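Here the structure comes first, spelled out in structure tokens, and everything after it is commentary.
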Amino acid sequence: IIITRSLHLQMLKKNVLLQKKNMRRKSLVGNYPKIITLWLGLGLVMIFFQVVIGGITRLTGSGLSITKWEIVTGTLPPMDEATWEAEFEEYKETPQYKKINEGMEMKDFKFIYFWEYFHRLWARTMGLVFIIPFLYFLRKGWIDSFLLKRLGIVVLLAATVASFGWIMVASGLIERPLVNAYKLTLHLSLALILFSYLLWTFLLTFKRFPHVTNTLNIKLWTKYLLF
């Protein structure tokens, strides 16, 4: 009888501790400053427009106009005619120029260069919009461990999307005049997954609408958006 009561008390203690842990977690989720929600919302808007700009880049055939992946030094566009000529000469070595755009003039090259450059510049801007406020919010203690883990996944997904973007571009710089369709599809799919996961995280920062931010509801909406 004593052993049974002891086991029963231990089980009760475990249940109480588990309930306290769950209550503590629920109290944290959604209990964020409004600026956090606005920041995540801005990220969603920027990802949306990044996909739109990427679509324009694809439709205008501009994706292969920049033949290097220079994360830092590629931030600035060509600033003089000599640099433009050098960029154009590198593009002339690509299969796309030789098989599709041979004889293209400089003004036409500048047009397709602009869209690919703008696509990459927007991605860099998104990185700055994320990292600068993130460091500030983290220092202020506004990001708890729960949100920190989710933002870590967002960063991982974003890095994956960017990496596959270059892999996709590289597939059209060697033998093919166009990028690999499968890699293009994977690049877009990863971007949609990133958008959906950030949307989920964004909704979890709301506290006023628990029926909207319910985890099951968000999972159902995420599946609907993706599939």
Side-chain angles (χ1 to χ4, degrees), residues 35-80 83-84 86-88 90-91 94 96 101 106-137 150-173 178-181 183-203 205 225-226:
I35 189 66
I36 296 286
T37 303
L38 293 175
W39 172 55
L40 296 176
L42 177 60
L44 286 170
V45 172
M46 295 193 74
I47 292 175
F48 172 80
F49 279 106
Q50 178 71 340
V51 173
V52 172
I53 296 168
I56 295 173
T57 303
R58 169 64 176 172
L59 292 174
T60 56
S62 307
L64 299 176
S65 56
I66 301 179
T67 60
K68 296 178 181 178
W69 195 33
E70 298 171 329
I71 298 176
V72 178
T73 57
T75 303
L76 295 176
M79 305 300 290
D80 52 50
T83 309
W84 274 114
E87 292 287 339
F88 196 18
E90 290 182 357
Y91 176 67
T94 65
Q96 186 183 66
N101 291 332
M106 176 63 79
K107 62 178 182 178
D108 298 318
F109 173 68
K110 287 183 178 181
F111 174 78
I112 63 174
Y113 189 98
F114 165 78
W115 284 110
E116 176 61 13
Y117 170 77
F118 188 38
H119 188 47
R120 298 188 186 193
L121 181 64
W122 193 267
R124 292 183 176 96
T125 305
M126 285 196 300
L128 291 176
V129 169
F130 176 83
I131 191 64
I132 295 175
F134 170 78
L135 293 174
Y136 176 76
F137 298 151
R150 298 191 69 86
L151 292 177
I153 295 175
V154 169
V155 171
L156 181 61
L157 286 171
T160 304
V161 173
S163 298
F164 270 93
W166 173 246
I167 292 172
M168 176 193 69
V169 170
S171 67
L173 295 176
L178 300 170
V179 299
N180 184 287
K183 293 177 180 178
L184 172 63
T185 303
L186 183 58
H187 180 52
L188 177 59
S189 299
L190 288 169
L192 294 177
I193 291 172
L194 170 62
F195 180 87
S196 300
Y197 190 81
L198 183 58
L199 175 61
W200 183 0
T201 304
F202 167 76
L203 292 175
T205 62
L225 287 171
L226 291 176

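Starting from 1, each residue takes its place in the sequence as its number. As the structure is a computational prediction, the values presented were derived from the model and not from experiment.
- The closest side-chain heavy-atom distance from Ile66 to Arg120 is below 4.5 Å.
- At least one side-chain heavy atom of Leu190 sits under 4.5 Å from a side-chain heavy atom of Leu186.
- Taking every heavy atom of both residues into account, His187 and Phe164 meet most closely at ND1-C, 4.0 Å.
- Summarising the geometry, atom CD1 belonging to Ile47 is positioned 10.0 Å from atom CZ belonging to Phe130; distances are rounded to the nearest 0.5 Å.
- Closest of all the heavy-atom pairs between Ala162 and Trp69 is O-CZ2, 4.0 Å.
- Classified by interplanar angle (parallel below 30°, tilted 30° to 60°, perpendicular above 60°), the ring pair Trp84/Tyr113 is perpendicular.
- Here the shortest heavy-atom pairing between Trp122 and Gln50 reads CD1-OE1, 3.1 Å.
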Q: Quick one: do Thr94 and Leu64 satisfy side chain to side chain contact (heavy atoms under 4.5 Å, CB included)? Show the steps, please.
A: CA-CA 8 Å; Thr94 65; Leu64 299 176; 5.7 Å; no
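- The line from CG of Leu198 to CD1 of Ile153 is 12.0 Å long, rounded to the nearest 0.5 Å.
- In this structure the side chain of Phe109 reaches within 4.5 angstrom of the side chain of Glu87, judged on heavy atoms.
- Side-chain atoms of Val52 and Phe48, non-hydrogen and from C-beta on, do get closer than 4.5 Å to each other.
- Take Tyr91 and apply the side chain to side chain donor-acceptor pair (under 3.5 Å) test, not counting sequence neighbours, and it matches Gln96, Asn101.
- Here CD1 of Ile56 is found 4.0 Å from CH2 of Trp115. Values are rounded to the nearest 0.5 Å.
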Q: Evaluate the side chain to side chain contact (heavy atoms under 4.5 Å, CB included) criterion for residues Ile35 and Phe137: first the C-alpha distance (whole Å), next the side-chain angles of each, then the deciding distance (0.1 Å), finally the verdict.
A: CA-CA 9 Å; Ile35 189 66; Phe137 298 151; 3.7 Å; yes
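- Residue Phe88 qualifies as enclosed at atom CZ: its count of foreign heavy atoms under 6.0 Å is above 12.
- Across all non-hydrogen atoms, the minimal contact from Leu128 to Pro133 is O-CD, 3.7 Å.
- Taking all atoms of both residues into account, the shortest heavy-atom contact from Leu156 to Thr160 is O-OG1, 2.8 Å.
- Looking only at distances, a side-chain donor or acceptor of Ser65 sits under 3.5 Å from a matching main-chain atom of Ile112.
- Judged by distance alone, with hydrogens and angles left aside, the side-chain atoms of Thr83 form no donor-acceptor pair with the main-chain N or O of Met79 at under 3.5 Å.
- Taking the ring-ring contact (aromatic ring centres under 6.0 Å, His included) definition, one finds that Phe114 meets it with Phe118, sequence neighbours left out.
- Rounded to the nearest 0.5 Å, atoms CE (Met106) and CG (Asp108) are 10.5 Å apart.
- Judged purely by atom type and a 3.5 angstrom limit, Trp39 uses its side chain to pair as donor or acceptor with the backbone of Val129.
- Considering only heavy atoms from C-beta on, Phe134 comes within 4.5 Å of Leu151 through its side chain.
- With rounding to the nearest 0.5 angstrom, the CE atom of Met126 is 10.5 Å from the CG atom of Leu42.
- Between the CE atom in Met168 and the OG atom in Ser163 there is a gap of 12.0 Å [rounded to 0.5 Å].
- Within the structure, every pair that satisfies the side-chain hydrogen bond (donor to acceptor under 3.5 Å, both in side chains) test and touches residues 52-63, not counting sequence neighbours, is listed here: Thr60-Ser62.
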